[in-house]
There are 4 protein chains.
Amino acid sequence: MGRKQAFTKSELLDKTKQLLLKHGYEGFQLKLLSGNLVGARSTIYQYYANKDEIVAACMKRVMENVLRKASAIDQTDCMIALQNLLTVYLEEADFHQLLGDAHKINTANSVAAANDLEFIEQAHITLKNQLELLFVRAQEEGNLNTSIPLPVIIGVYFNLIDTPNMMNLPTPEWSKLLYQMWLGGAGRD
Amino acid sequence: MGRKQAFTKSELLDKTKQLLLKHGYEGFQLKLLSGNLVGARSTIYQYYANKDEIVAACMKRVMENVLRKASAIDQTDCMIALQNLLTVYLEEADFHQLLGDAHKINTANSVAAANDLEFIEQAHITLKNQLELLFVRAQEEGNLNTSIPLPVIIGVYFNLIDTPNMMNLPTPEWSKLLYQMWLGGAGRD
Amino acid sequence: MGRKQAFTKSELLDKTKQLLLKHGYEGFQLKLLSGNLVGARSTIYQYYANKDEIVAACMKRVMENVLRKASAIDQTDCMIALQNLLTVYLEEADFHQLLGDAHKINTANSVAAANDLEFIEQAHITLKNQLELLFVRAQEEGNLNTSIPLPVIIGVYFNLIDTPNMMNLPTPEWSKLLYQMWLGGAGRD
Amino acid sequence: MGRKQAFTKSELLDKTKQLLLKHGYEGFQLKLLSGNLVGARSTIYQYYANKDEIVAACMKRVMENVLRKASAIDQTDCMIALQNLLTVYLEEADFHQLLGDAHKINTANSVAAANDLEFIEQAHITLKNQLELLFVRAQEEGNLNTSIPLPVIIGVYFNLIDTPNMMNLPTPEWSKLLYQMWLGGAGRD
DNA sequence: TATGAATGAGTTTTCATTCAT
DNA sequence: CATGAATGAAAACTCATTCAT
């Protein structure tokens with residue numbers, strides 16, 4: 001039996017996510033990572049062959065979460081579904097910012113990273129399809145303002161995710177407020 | 001007298017902005033910068049004493065632009081002012097993303113960088129004040145939905161800047177569309 | 001565990017001292033240092049964060065040696081003490097030259113260097129006090145020429161350290177000779 | 001006619017000497033030098049082909065001064081001559097410290113520097129011979145303590161030059177005091 | 001397996017020197 | 001001649017990755 005385990009893969013990916021959000025892809029350094037874990041820097045290489053694999057694995061895991069939650073949503077009523085989907089996205093708000101750096105991952109040195117990236121791209125498409133389907137239904141059901149092109153409506157909806165929650169409202173409440181604003185607008189009611 | 005300039009300060013800052021947006025603060029490297037200019041890497045040091053000074057100067061210049069445009073707006077009618085202000089912000093859309101890294105600038109080695117950063121912070125406050133004043137007026141004039149807290153309305157408004165313009169509409173048109181969505185909502189009119 | 005050390009901290013400081021004496025503060029380069037050790041240049045940074053820390057640590061260690069030896073001297077008879085103190089100083093003759101560059105150390109980037117420098121300055125004061133006390137006693141006991149100001153006597157005494165030992169006499173003998181010359185003069189006996 | 005002269009060769013060498021004493025050979029930088037003169041850095045190259053030529057020329061000039069003064073001394077009475085020679089050396093006290101770095105001059109790139117260095121070495125020998133001759137005469141005339149080897153007496157004499165003049169006495173007075181101490185010693189008269 | 005230590009490739013920065021006006 | 005600007009070579013320092021225990 002060797003020494004006791006230094007840190008789990010999951011702990012590693014948790015810290016990775018946190019540091020990636022704080023410092024960005026290029027500012028994410030392994031010294032920082034190991035400094036925020038219990039073991040030695042070199043132990044990281046027991047789990048992943050290089051930095052890009054870690055980043056890719058981290059992003060994949062985040063994406064899996066979003067995918068799972070998003071696909072669990074009941075899509076019977078498309079407007080309710082959109083409200084719930086927004087909540088999901090807000091719960092995993094980081095994923096938007098995080099995945100923005102996905103293209104920086106260097107897949108040249110690692111098949112694993114390449115595979116993870118492939119998964120992420122597929123998932124992206126899946127999510128986008130889900131979203132577009134719901135929006136088309138919403139439009140067909142006459143729930144959307146016809147004078148605004150659908151892509152713009154979708155873009156604004158999706159961009160809501162990054163609105164800073166300055167009042168620190170709990171996510172469900174925050175989600176409702178944003179959805180209300182998106183649907184009804186900021187103007188006089 | 002002397003040899004003629006390899007590149008101007010302005011060209012340098014233009015490239016800096018571009019690279020900063022593409023690679024982020026930590027991914028911004030002088031090798032990249034000089035590679036995108038005509039001269040040698042060491043020539044950069046004729047203009048700025050170190051990397052942080054370059055970044056700070058770049059951000060300051062961007063901020064000056066925004067400040068100038070924003071303060072030129074006619075504030076007689078606050079709703080029109082808000083529409084025009086949004087256009088300004090969209091024209092300078094990068095500034096939001098760019099200045100997000102301002103806090104990473106290391107001012108320990110450079111008074112110039114520290115001064116620039118100070119300017120940026122002051123400008124931030126100025127812009128915020130302008131925005132809040134307009135919103136308070138808009139609210140007092142009964143133009144805003146009273147069931148949504150003002151900070152949320154402001155937050156969503158400001159966050160519109162980062163909405164990706166997927167249809168590549170010209171900025172004035174794009175601005176009008178976003179403003180319309182923000183004010184009137186995506187829902188049935 | 002881990003690979004075995006390329007060189008010890010002590011070896012590093014030994015070489016540092018040697019190179020510092022040969023090339024001076026500004027001529028002391030890490031390339032030179034690593035070239036005189038067994039490992040790679042970057043390995044040096046495992047021990048010290050930057051060049052100034054190395055120089056400061058080196059000077060501190062030298063000063064500690066002198067301080068230890070100087071404070072171990074029996075001060076019952078002040079003239080004998082002065083003779084022995086001279087021997088100590090001659091044994092550590094380099095320290096005079098070495099510490100002459102102490103003020104060049106840049107402490108802005110390193111707390112460790114600043115602390116070491118502080119230690120050195122304190123030690124300087126301690127040594128100076130010891131010396132002055134012995135000289136005052138020597139004067140009071142009527143052992144010194146009253147027509148020469150005490151500071152001059154001290155200055156000449158201390159400056160003896162740097163007299164080049166051209167005949168390569170062993171230190172104790174060399175010390176006795178210098179002391180004799182200092183006390184009795186070069187003139188006809 | 002071109003522009004008016006930026007600085008003279010003599011001014012250049014004066015500053016060089018000053019900076020060389022303050023920063024040492026390796027710390028002597030041309031940016032520093034031009035910063036302490038009225039013209040541009042590149043103007044230096046109108047006078048000297050490279051850094052080492054400047055340093056060599058500076059040292060040569062200092063040496064010439066010492067040589068001229070030393071050879072002007074009346075050597076009728078050797079003890080008086082030694083006293084006067086000490087005064088000369090004290091007047092030009094820097095030369096000792098300055099020339100200590102002469103061996104660091106890189107003569108590979110410059111014949112001029114090589115020639116200057118050659119001159120310096122010859123002058124060194126000349127001065128040494130003068131000194132030794134005087135000392136031998138002093139010994140033969142029975143003016144020196146026979147129990148101390150001549151090289152030691154000479155070494156101590158010469159080393160007096162570097163004694164710090166803490167009381168800031170005028171050089172003639174300072175010289176007398178040092179000579180007195182050297183000849184008669186610090187001990188009870 | 002876990003890790004402390006080593007390291008080379010790459011980055012920032014400095015500086016003597018050259019160039020062109 | 002004087003100079004402002006350019007520049008390559010070299011120095012300090014960083015960091016992902018490897019090695020050996």
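In what follows, every chain begins at residue 1, and chains take the letters A, B, ... in the order their sequences are listed. Computed from a predicted model, the values in this text were never measured in an experiment.
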A:L20: which of A:D101, A:L98, A:I54 passes side chain to side chain contact (heavy atoms under 4.5 Å, CB included): A:L98
Check: C:Q46 side chain, E:dA6 base, donor-acceptor under 3.5 Å: yes
D:S42 side chain, from C-beta outward: closest of F:dA5, F:dA11, E:dG8: F:dA5
Heavy-atom pair of closest approach, residues C:Y45 and C:N50: CE2-CA, 4.2 Å
Whole-Å distance separating the CG atom of D:N106 from the P atom of E:dA16: 14 Å
D:G39 or C:N109, whichever maps to the more 5' nucleotide of DNA chain F: D:G39
Pi-cation contact, C:Y25 with C:K104 (under 6.0 Å, within 45°): no
D:Y45 side chain, from C-beta outward: closest of E:dT17, F:dA12, F:dC15: E:dT17
Atom pair distance, as rounded to whole Å: OH in D:Y47 and P in F:dA2: 5 Å
D:H23 NE2 - E:dC15 P separation (whole Å): 11 Å
d(CG, A:N50; C1', F:dA16) in whole Å: 9 Å
Residues A:K17, A:D14: salt bridge by 4.0 Å N-O rule: no
With D:N109, the side chain to side chain contact (heavy atoms under 4.5 Å, CB included) member among D:N106, D:T107, D:V111: D:N106
B:K22, NZ atom: more than 12 neighbouring heavy atoms under 6.0 Å: no
Length of the line joining C:R41:CZ and E:dA6:P, which is rounded to integer Å: 16 Å
Under 3.5 Å side-chain donor-acceptor pair for B:Y47 and B:Q5: yes
Passing candidate, side chain to side chain contact (heavy atoms under 4.5 Å, CB included) with B:L33, options B:R41, B:Q18, B:K51, B:K15: B:K15
d(CD, D:E53; P, E:dT17) in whole Å: 10 Å
B:A6 vs C:D52, nearer the 5' end of DNA chain F by closest nucleotide: B:A6
Phosphate OP1/OP2 of F:dT7: any B:T43 side-chain N/O under 4.0 Å: yes
Position toward the 5' end of DNA chain E (nearest nucleotide), B:L32 or C:I44: C:I44
B:E26 CD to F:dC15 C1', straight-line distance once rounded to whole Å: 14 Å
Short side-chain N/O contact to E:dC15 OP1/OP2 from D:K31, under 4.0 Å: no
Pairwise 5' ranking along DNA chain E for B:K51 and B:K4, keeping only the more 5' one: B:K51
For atom CG of A:L30 and atom P of E:dA2, their distance in whole Å: 17 Å
Strand DNA chain E in bracket notation, Watson-Crick/G-U under 3.5 Å with | for pairs to another chain: .||||||||||||||||||||
Minimum-distance nucleotide to B:R3 side chain [options: E:dA5, E:dG8, F:dA6]: F:dA6
